[in-house]
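Okay, structure first, notes after.
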There are 2 protein chains.
Amino acid sequence: MADHEENEPENGGARRPVVTIHDVARHAGVSSMTVSRVMNGKRYVSEAMRQKVEASIRALHYSPNLTARSLSSAVRIGALYSNPSSSNLGAFLMGAFRQSGASGCQFLIEPGVTEAEAVEGLGRLIESGIGGVILPPPLCDSPAMLAMAQEAGVLPLAFATAKPREGVSAIVVDDYKGAYDMTWHLISLGHRAIGFIQGDPKHSPSQRREQGYRAAMVGAGIRIQDDWITPGLFTYRSGLDATRQLLAASRRPTAIFASNDDMAAAASAVAQGMGFKVPDDISIAGFDDSPIASTVWPELTTIRQPISAMAASAVVMLSNLVRQARNGGQPEISHVREMLTLVERGSTGPAPALT
Amino acid sequence: MADHEENEPENGGARRPVVTIHDVARHAGVSSMTVSRVMNGKRYVSEAMRQKVEASIRALHYSPNLTARSLSSAVRIGALYSNPSSSNLGAFLMGAFRQSGASGCQFLIEPGVTEAEAVEGLGRLIESGIGGVILPPPLCDSPAMLAMAQEAGVLPLAFATAKPREGVSAIVVDDYKGAYDMTWHLISLGHRAIGFIQGDPKHSPSQRREQGYRAAMVGAGIRIQDDWITPGLFTYRSGLDATRQLLAASRRPTAIFASNDDMAAAASAVAQGMGFKVPDDISIAGFDDSPIASTVWPELTTIRQPISAMAASAVVMLSNLVRQARNGGQPEISHVREMLTLVERGSTGPAPALT
DNA sequence: CTGAAAGCGCTAACAC
DNA sequence: GTGTTAGCGCTTTCAG
């Protein structure tokens, strides 16, 4: 029993026990093509064969080499990311990246903070030979970007846009419904005086969120006082000012619904600073479920965007589109609507009893 | 002139204008092998040849297909990420992911929040045939993880650890120096009474940060009062309590240095809630430069970890190690120390004049 | 120093 | 339905 002379089994961290499609094929007694078909869920494989192959796959713990796969199928898609310090970037990359493996395509990313950088980044992506590109907000609403992509023969996909446009595939998010649901949640907790902090008017979701709030209030028969709606810019700082204004309203709100979590966190800080207990004296709600929502205390009740899942869908949609297009077909534009869910945490509670 | 019948030039988003190594070879009148050598900076290429090839590369805007490259060289490395909602995840993935392209290796990631998930994730990575794995804290300090990797013949790399260990490559971060620098910064602003909020005692950086703080204080000849140091858990909530305690100290600190940004944000909120102006009445400093630092107002003075660059280094180191190991060599363990930088923002200022 | 040949693991296209 | 044949773009190996 040599302790040191084993050669194949132990060569310092780079063994090659990797199971290939051929190993599976041999094990199952079929051709590698059949295994490939099974892996890709293609038709034209008999049930018996499929069972046998699947058994071998499990037995051997086979997992396909994604690199090889994307080399053969050669679908390459890119993404531009506008806010590298954004807390959502992690979820986005995680979703897109892992799905790109599963979908057998190569995924490239370029940062594009400013408009100029975005143009440059898209340029690099185009030179890398991508067939499609994922554009998150606010890039997804920029006609210039869309035009640039289309001119280069690259299929664009608008990610998390609030206003999808004809002719461009999109992952759409229902900001209206999210805001409606949150407002309704507050109402059902007994709140009537509900303050609202608006988002940056330049972003497409802002108006939709406000509309959702208004619709829910009207639906519940509550008249919205003018001083219950204050402007905001999606920044923490703007939330600070907005909240001070709100708390000075002629009839003070018992709940504040901010258009995003950063502003909601600010609202919570201001309210607590003024001696209010959250949620006993005042409820606070946010939107997005960004990390700050579960950082501050109490943690914020908010609306979650399933960024990771959305990114994965985007990759699936786009890679399919590119394949379609390559096979000469006309790409089928589609708009996928993603569900927003309300996450109830500690910052909201029953309206305080009237005194 | 058919408008619709063009076939090659415009086929709906999946053109193939991609320049390959062969195109370059043809253009330069050499074999593709020579181009490959030039691209990889190998020796054994005559200067004349190199010049010619480089000219062609530029002329054709050639950029190698990384997928093909990694298929040939077949280096696969993985990473486990412990905190999917972490604000650093984006930077980490961005750095690692992009570098993996440049380094010609395949990068896989698995989430591993709990210990159990981490084990499972590492298991999946091992089954995928990785040659090395990046372990961020706190996984990088877990003997169990390290053992599991090494048993499977996978080279581990400790990422951003504060206590590197012999025999395991690591990206090391100098928490001590970062804390020392920050404390010194506060002292140089005239502060003498500087409160400190400790980090989670279970994380390796916590002690180092406290040591750095103590050393700077001692170095400046300041006696640290017992009630200037309060326990914390790296959470916002723990920062809330710690700050209240600190502000009730027998001699109230004019500056608070929290072991991370979440707690510093809490400190800022509490201080402002009690009517103190930041930084006029009290300075607040954090550590990490996580997104919350530039979200809250005033923005936090903090210590930046260059996560993205560190992730890139990790990929370079690890892919080289795996290549070395595969070529039969003994992998060269190394510890790379990354620089932390102090980022001065609005939350710190001169000590208030004594009254 | 340079080139030709042989794959890496997988899938598209075509036979059977 | 299933197998065979060719590569994808690059690097490794081995001749010259």
Side-chain angles (χ1 to χ4, degrees), chain A residues 14 16-26 28-53 57 60 62-76 101-106 128-129 131 319 322-324 326-328, chain B residues 14 16-26 28-53 57 60 62-76 101-106 128-129 131 319 323 326-328:
Chain A
R16 251 185 100 285
V18 188
V19 187
T20 76
I21 198 171
H22 301 292
D23 299 324
V24 178
R26 202 173 317 120
V30 299
S31 83
S32 51
M33 216 28 241
T34 305
V35 179
S36 172
R37 288 197 183 94
V38 171
M39 284 305 294
N40 295 288
K42 288 266 178 65
R43 293 172 303 276
Y44 308 127
V45 190
S46 71
E47 198 44 38
M49 200 103 265
R50 160 165 279 121
Q51 304 264 331
K52 203 162 53 171
V53 171
I57 289 175
L60 268 47
Y62 169 62
S63 98
N65 181 326
L66 279 11
T67 305
R69 166 132 74 183
S70 39
L71 181 55
S72 313
S73 45
V75 168
R76 233 178 286 186
S103 290
C105 65
Q106 188 175 359
S128 305
S319 60
V322 173
R323 287 205 174 86
Q324 262 173 258
R326 173 162 19 167
N327 297 338
Chain B
R16 249 187 97 284
V18 189
V19 186
T20 77
I21 199 171
H22 302 291
D23 299 324
V24 177
R26 203 173 316 120
V30 298
S31 84
S32 52
M33 222 17 253
T34 306
V35 180
S36 173
R37 289 199 182 94
V38 171
M39 284 304 294
N40 295 289
K42 289 266 177 66
R43 292 173 302 278
Y44 309 126
V45 190
S46 70
E47 198 43 39
M49 200 107 266
R50 159 164 279 122
Q51 303 267 329
K52 205 163 50 172
V53 172
I57 289 175
L60 268 49
Y62 170 63
S63 99
N65 181 328
L66 305 166
T67 306
R69 166 136 61 182
S70 39
L71 178 55
S72 304
S73 44
V75 168
R76 234 180 286 185
S103 290
C105 64
Q106 188 175 359
S128 305
S319 60
R323 287 206 175 84
R326 171 162 20 165
N327 297 338

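Worth saying up front: this structure is predicted, and the values here are computed from it rather than measured. Below, chains carry the letters A, B, ... as their sequence lines are ordered, and counting in each starts from 1.
- In this structure, B:Thr20 and B:Asn65 have side chains that are not in contact, with every pair of non-hydrogen atoms separated by 4.5 Å or more.
- Here A:Ser103 pairs with A:Gln99 under the side chain to side chain donor-acceptor pair (under 3.5 Å) rule; sequence neighbours left out.
- Rounded to whole angstrom, the span from the OH atom of A:Tyr44 across to the P atom of C:dA12 amounts to 14 Å.
- Taken from NZ in B:Lys52 to OG in B:Ser46, the straight-line distance is 8.0 Å, to the nearest 0.5 Å.
- Rounded to the nearest 0.5 Å, atoms OG1 (A:Thr34) and CZ (A:Arg50) are 11.0 Å apart.
- Proximity of B:Met39 to B:Ile57: side-chain heavy atoms (C-beta onward) are separated by under 4.5 Å at one or more points.
- Close to D:dT11, at under 4.0 Å from its OP1 or OP2, lies a side-chain N or O of B:Ser36.
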Look for any protein N or O under 3.5 Å of an N or O in nucleotides 3-6 of chain D and output each such pair with its distance, or none.
from, atom 1, to, atom 2, distance (Å)
D:dG3, OP2, A:Ser31, N, 3.2
D:dG3, OP2, A:Ser31, OG, 3.3
D:dG3, OP2, A:Thr34, OG1, 2.5
D:dG3, O6, A:Arg37, NH2, 2.5

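- Of the candidates D:dC8, D:dT11, D:dG1, D:dT11 carries the atom nearest the B:Arg69 side chain, counting heavy atoms from C-beta on.
- One interatomic measurement links the two molecules: CD1 of B:Ile21 to C1' of D:dG9, which rounds to 8 Å at whole-angstrom precision.
- Taking atom CZ of A:Arg26 as the reference point, atom P of C:dC10 lies 12 Å away to the nearest angstrom.
- B:Arg37 has its side chain out of reach of B:Val53: every pair of non-hydrogen atoms, C-beta onward, lies at least 4.5 Å apart.
- A close approach under 4.0 Å does occur between a side-chain nitrogen or oxygen of A:Tyr62 and OP1 or OP2 of C:dC10.
- The shortest non-hydrogen separation linking A:Ser31 to A:Ala25 is C-CB, 3.7 Å.
- Taking every heavy atom of both residues into account, A:Val19 and A:Tyr62 meet most closely at O-CD1, 3.4 Å.
- Both B:Glu47 and B:Leu71 lie close to DNA chain C; mapped to their nearest nucleotides by heavy-atom distance, the more 5′-ward contact belongs to B:Glu47.
- Atom pair B:Ile57:CD1 and D:dC10:C1' shows a separation of 14 Å (rounding to whole Å applied).
- Rounded to an integer number of Å, the gap from B:Asn65 CG to D:dT11 C1' is 13 Å.
- Checking D:dT2, C:dC10, D:dG9 against every side-chain atom of A:Pro64, the shortest atom distance belongs to C:dC10.
- Comparing the start and finish of the helix from C:dC1-D:dG16 to C:dC16-D:dG1, five pairs each, the helix axis swings through 40°, to the nearest 10 degrees.
- Put simply, CD on B:Gln106 is 12 Å from C1' on C:dC10, counting in whole angstrom units.
- Distance from the side chain of B:Ser46 is smallest to C:dT2 among C:dT2, D:dG9, C:dC10.
- Taking 4.5 Å as the limit, every side-chain heavy atom of A:Met49 sits out of range of all side-chain heavy atoms of A:Val38.
- Between A:Ser72 and D:dG7 there is no side-chain polar atom (N or O) within less than 4.0 angstrom of OP1 or OP2.
- Note: CG (B:Asp23) to P (D:dC8) measures 11 Å, nearest angstrom.
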